[in-house]
Amino acid sequence: MIPSLSLLAAVLASVAPICTAQSAGSFTSGGDSQVSAMMMFLGNDKMVYIMDKAEGNAAQINGHPAWGAVWNIDTHEVELQDIRTNIFCSSGMHLPNGSFATFGGNGAITVGGDMGSVLNPGGYSASFDETYQDYDGTKAIRILDPCPAGSDFNSAECGWFDQPDLLGMQKQRWYSTAEPTATGQIVIIGGYTSGGYINRNYPNVDPEFEGGAATCTYEYYPNTDGKGAETMQFLIDTSGLNSYPHTFLMPSGKMFLQANYSTMLWDHETNTETRLPDMPGQIVRVYPGSGAVAMLPLTPENNYNPTILLCGGSDMPEYDWGNYSWPFIDTFSYPASKDCQRITPEPEDGSSPDYVQDDDMLEGRTMGQFIILPTGKLLVVNGGENGTAGYSDKTLETQSYADMPYGMSLAAAPALTPSIYDPNAKSGSRWSNDGFDAASYPRLYHSSALLLPDASVLIGGSNPNVDVNLTTYFPTTYALEIFYPPYYSAKTRPTFTGAPDKLTYGGKYFDLTISKESYSGSSNDAAKSATCVVIRPGWTTHAMNMGQRYLQLNSTYTVNDDGSIVLHCSQMPPNANLFQPGPALLFVNVNEIPSNGTFLTVGSGNIETQEMADVVALPTSVLSSSDASGGADSSSTGGSGSDEDSGSNKAVIIGAVVGGLVVFGVLGAIIGICVARRRRASAQAPGPGSSYPMRESPRYGADAAGGAAAARGLRSSDSSAFVPLQQDYNQHQSWNSSNASLQAPYKDNYDPRQNGMSLDYDPYAAESRMSTSTPQGRPHRF
């Protein structure tokens with residue numbers, strides 16, 4: 001039977017969104033997330049996991065609003081997930097085996113952000129709510145093992161393990177930061193015990209405890225040594241503006257921390273702090289100033305010595321930040337900063353670290369977010385040109401919600417156009433947004449962004465509201481968008497074979513073969529431009545990508561006379577502090593055009609001291625003696641799809657009509673072509689073992705077989721601490737691969753008074769009328 005043209009037209013219309021043109025600098029729709037994308041992470045090469053605070057989303061699961069979902073990269077379809085506890089403003093991180101963990105959140109809430117129906121002892125927060133059916137998440141540790149497309153994402157194997165009575169933290173943490181060590185063990189830093197605009201009362205007479213609302217401590221997951229949570233003096237000193245402190249592991253094993261306008265290097269093993277210079281201009285980059293912050297790419301040229309880039313945020317005076325309840329000025333009228341600073345925390349020349357002025361952003365941004373692209377450039381997206389993160393029903397200047405010009409939003413003037421930062425460009429010319437479209441949706445508070453395996457960027461969220469609000473000035477946003485960076489002007493993307501499924505720290509190099517059909521121009525020039533890079537997109541929330549890193553592997557090349565190129569790539573540097581063990585993407589760049597990313601694992605897959613192998617020298621680069629060249633069309637188009645691709649689509653359609661293909665056959669062929677155009681997935685064949693020659697330095701080099709372990713006594717953790725969850729502990733889910741230790745689970749039966757919480761202080765008061773002098777509580781969990 002030959003299908004009618006009208007039926008074929010309907011079939012084409014149904015798949016049109018998948019085949020949307022991918023023009024450089026443009027946005028396309030990513031579909032509907034169904035839960036606002038406050039948090040996201042890339043679980044594998046097909047699936048992105050999305051998390052929202054407990055709120056009244058229309059999407060329902062198991063009889064209550066959903067606040068978890070899984071988004072399919074190929075189809076843009078969403079499957080809801082059940083998350084039991086309130087994951088609002090938690091932190092998160094990968095684990096070495098590819099699982100992910102989230103830490104903390106808020107107490108159980110109900111409609112309008114009020115406390116849930118079942119109160120915790122003392123009545124200062126709720127343990128459960130009958131309406132939303134959410135549980136207290138302030139101590140929760142949630143574990144998820146990513147599953148492939150087509151799985152049952154609420155099954156025992158693929159859903160969230162979320163039972164804080166069995167697996168939880170020692171302290172309540174909301175707005176904490178998570179950063180892994182070289183073993184893969186995670187340090188969880190700071191946070192609040194409950195909600196508020198900033199983490200202080202005013203005047204700030206109790207910076208360590210704030211009447212029980214502040215958590216100026218850190219702890220480990222898994223806690224293999226049985227250590228209690230320890231106080232961090234830096235958090236006390238930065239009281240008020242230390243939510244989500246920016247944290248990066250350094251080559252030495254120390255951690256760089258920045259909060260308020262203070263900076264330090266921290267030895268987490270000895271709890272020793274080394275203070276670094278203050279932020280110039282006292283610009284606040286942490287929440288709610290929320291500047292864009294990232295570690296610049298680690299490359300052979302900079303000897304893998306990290307530099308941190310901090311841009312935007314707010315330079316509001318200290319008083320104006322206010323207290324737990326609200327800011328003391330109308331923040332939405334205060335311009336965000338456009339200032340950028342760089343700092344290299346561990347200079348190799350022995351000099352003292354200091355901030356260095358960098359090029360200003362093209363506009364001021366609060367809640368701007370850096371995404372490191374495979375080319376080594378940084379994309380900044382989202383945010384506003386005025387104000388701060390957070391939401392409130394008033395400020396000290398505007399006392400009535402009816403007079404708040406943007407609803408509950410404390411930011412305004414959305415920054416809709418992305419910008420690109422080139423860290424290697426000359427000073428004065430590092431920023432550009434030439435040819436970039438503006439986004440269709442404001443992305444303010446509770447927005448997120450994430451690099452995808454095809455090197456595009458997924459953007460979602462925006463919800464500066466205490467509960468779902470679809471009619472306010474800046475409404476709850478479910479629409480996802482995908483941004484296509486400038487390299488999407490290339491008609492053809494590099495493809496390669498030979499990718500390993502695991503990278504080691506040191507060892508023998510591996511070979512990637514780049515097809516001559518996947519690049520244009522001189523083969524010798526293409527080989528000279530080629531790079532092999534490893535990227536971890538990170539766990540994203542609140543304009544941050546916790547764990548985001550970029551490392552360029554050392555490489556040489558052999559150019560074959562047929563135009564194919566063999567790229568000899570070293571393994572990871574023999575120092576796990578540079579790139580902690582866990583999941584990552586492998587990209588190849590040719591002529592500054594990236595391939596698709598290949599998913600792999602860095603390290604052993606266990607929480608343990610990683611093995612450091614001897615460095616093996618790379619082969620000498622060999623150029624072709626012929627005039628070999630790539631076979632790809634050297635012209636560019638407005639998108640990554642080519643005329644040949646378009647012709648293929650037409651051929652399928654014509655073939656369907658003339659040849660009498662059945663409708664389902666046509667549909668399958670069209671979807672297959674569209675997915676192929678979107679993915680351009682490279683073949684993945686196991687490669688040989690690998691290794692890493694590095695420039696000589698005190699930490700690296702062929703004589704550094706011991707790597708970081710030799711240079712510094714790393715925290716060790718035997719793999720027995722990383723064991724499957726047992727079914728007798730978990731009637732909802734069973735985990736058959738290593739995820740987390742339940743050998744000594746923390747219990748969540750706590751009394752707020754044990755944390756020093758004042759009995760006359762109610763962080764969840766239904767009516768928040770906190771004065772500027774006496775702590776009394778607040779209405780909303782920001």
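Partner Ile372 forms a side chain to side chain contact (heavy atoms under 4.5 Å, CB included) with one of Pro423, Pro537, Pro297 and no other, that one being Pro297.
Between Asp162 and Arg84, no side-chain nitrogen of the basic residue sits less than 4.0 Å from a carboxylate oxygen of the acidic one, so the salt-bridge criterion is not met. Comment: Lys227 does not engage Glu269 in a salt bridge, judged by the lack of any side-chain N to carboxylate O separation of less than 4.0 angstrom. Look at Lys254 and Glu346 and you find no salt bridge, because none of the NZ, NE, NH1 or NH2 atoms lies under 4.0 Å from a carboxylate O.
The closest donor-acceptor contact from the side chain of Thr181 to the backbone of Gln185 lies under 3.5 Å. Checking side-chain atoms of Gln610 against main-chain N and O of Asn606 turns up a donor-acceptor pair under 3.5 Å. Within the 3.5 Å criterion, the main-chain N or O of Gly105 finds no donor-acceptor partner in the side chain of Thr138. Remark: the backbone N or O of Gln552 is paired with a side-chain donor or acceptor of Tyr304 at under 3.5 angstrom. A donor-acceptor pair under 3.5 Å is absent between the side-chain atoms of Asn545 and the main chain of Gln548, judged by distance alone. Counting only distance, with no hydrogens or angles, the side chain of Gln580 and the backbone of Pro180 share a donor-acceptor pair below 3.5 Å. In terms of modelled atom types and a separation under 3.5 Å, the side chain of Asn577 and the main chain of Pro251 share a donor-acceptor contact. In this structure, the side chain of Tyr505 engages the main chain of Phe579 through a donor-acceptor pair within 3.5 Å. The main-chain N or O of Thr231 is found under 3.5 Å from a side-chain atom of Asn271 such that the two form a donor-acceptor pair. Listed for the Thr177 side chain is no donor-acceptor partner under 3.5 Å among the backbone atoms of Ile189.
Rounding to the nearest 0.5 angstrom, the gap separating the OG1 atom in Thr224 from the CD atom in Glu608 is 12.0 Å. How far CD1 of Ile50 is from CE of Met39: 11.0 Å, rounded to the nearest 0.5 Å. Between atom CD1 of residue Ile186 and atom CD1 of residue Ile607 there is a gap of 6.5 Å, rounded to the nearest 0.5 Å. With rounding to the nearest 0.5 Å, the separation of CZ in Arg275 from CZ in Phe234 is 6.0 Å. One distance of note links CZ of Phe161 with CG of Leu144; it measures 12.5 Å at 0.5 Å rounding. Once rounded to the nearest 0.5 Å, the distance linking NZ of Lys171 with CD1 of Ile188 reads 13.5 Å.
Looking at Cys311 and Val380, their side chains never come closer than 4.5 Å, going by heavy atoms from C-beta outward. Side-chain contact between Lys46 and Phe599: absent, with no pair of heavy atoms (C-beta onward) separated by less than 4.5 Å. Between Phe496 and Ser595 there is a side-chain heavy-atom pair separated by less than 4.5 Å. Ser262 has its side chain out of reach of Asp237: every pair of non-hydrogen atoms, C-beta onward, lies at least 4.5 Å apart. Counting only heavy atoms from C-beta outward, the side chains of Ser447 and Val381 never approach each other to under 4.5 Å. Considering only heavy atoms from C-beta on, Ile308 comes within 4.5 Å of Met250 through its side chain. Residues Lys53 and Asn106 have side chains not in contact (no heavy-atom distance under 4.5 Å, counting atoms from C-beta outward). Using a 4.5 Å heavy-atom cutoff, the side chains of Lys139 and Arg173 are not in contact.
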Q: Determine, step by step, whether Glu348 and Asn303 satisfy the side-chain hydrogen bond (donor to acceptor under 3.5 Å, both in side chains) criterion, reporting the C-alpha distance in whole Å, the side-chain angles of both residues, the deciding distance to 0.1 Å, and the verdict.
A: CA-CA 9 Å; Glu348 292 187 323; Asn303 204 28; 3.2 Å; yes

Q. Between Thr344 and Thr307, is a side-chain hydrogen bond (donor to acceptor under 3.5 Å, both in side chains) present by the stated rule, with each step listed?
A. CA-CA 4 Å; Thr344 301; Thr307 293; 2.7 Å; yes

Q: Just do the side-chain contact (heavy atoms from CB on, under 4.5 Å) check on Tyr221 and Ile141 with the steps written out, would you?
A: CA-CA 9 Å; Tyr221 175 75; Ile141 297 176; 3.7 Å; yes

Q: Output, in order, the C-alpha distance, side-chain angles, deciding distance and verdict of side-chain hydrogen bond (donor to acceptor under 3.5 Å, both in side chains) for Thr540 and Gln369.
A: CA-CA 9 Å; Thr540 172; Gln369 183 169 352; 2.7 Å; yes

Q.
For Glu157 and Asp145: C-alpha separation, side-chain torsions, deciding distance, then whether side-chain contact (heavy atoms from CB on, under 4.5 Å) applies.
A. CA-CA 7 Å; Glu157 295 77 20; Asp145 194 1; over 6 Å; no

(Q) Run Arg142 and Thr85 through side-chain hydrogen bond (donor to acceptor under 3.5 Å, both in side chains) and show every step you take. (A) CA-CA 9 Å; Arg142 310 165 193 86; Thr85 59; 2.7 Å; yes

Q: Give the C-alpha distance, both sets of side-chain angles, the deciding distance and a yes or no for side-chain contact (heavy atoms from CB on, under 4.5 Å) between Phe370 and Leu309.
A: CA-CA 10 Å; Phe370 276 134; Leu309 177 67; 3.6 Å; yes

**Q.** side-chain contact (heavy atoms from CB on, under 4.5 Å) between Leu450 and Leu42, worked out
**A.** CA-CA 8 Å; Leu450 190 69; Leu42 180 66; 4.0 Å; yes

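Contact between Val457 and Ala449 at its shortest, heavy atoms only, is CG1-CB, 4.3 Å. Closest of all the heavy-atom pairs between Phe510 and Leu586 is CE1-CD2, 4.2 Å. Of all heavy-atom pairs between Tyr550 and Leu373, the closest is CE1-O, 3.2 Å. Scanning all heavy atoms of the two residues, the minimum distance from Gln172 to Thr193 falls at NE2-O, 3.8 Å. When every heavy atom of Ala54 is checked against every heavy atom of Asn86, the shortest pair comes out as N-OD1, 3.2 Å. When all heavy atoms are compared, the tightest approach of Arg549 to Phe248 is NH2-C, 3.9 Å.
Heavy-atom contacts from other residues, nucleotides or ligands closer than 6.0 Å to CD of Glu273 number more than 12.
Aromatic pair Tyr287/His246: centroids not less than 6.0 angstrom apart. If you look at Trp266 and Tyr218, their ring centroids are closer than 6.0 Å.
Neither side chain, Asn199 nor Ser243, offers a donor N or O lying under 3.5 Å from an acceptor on the other.
Between Phe100 and Phe41, the two ring planes are parallel [angle under 30°; tilted spans 30° to 60°].
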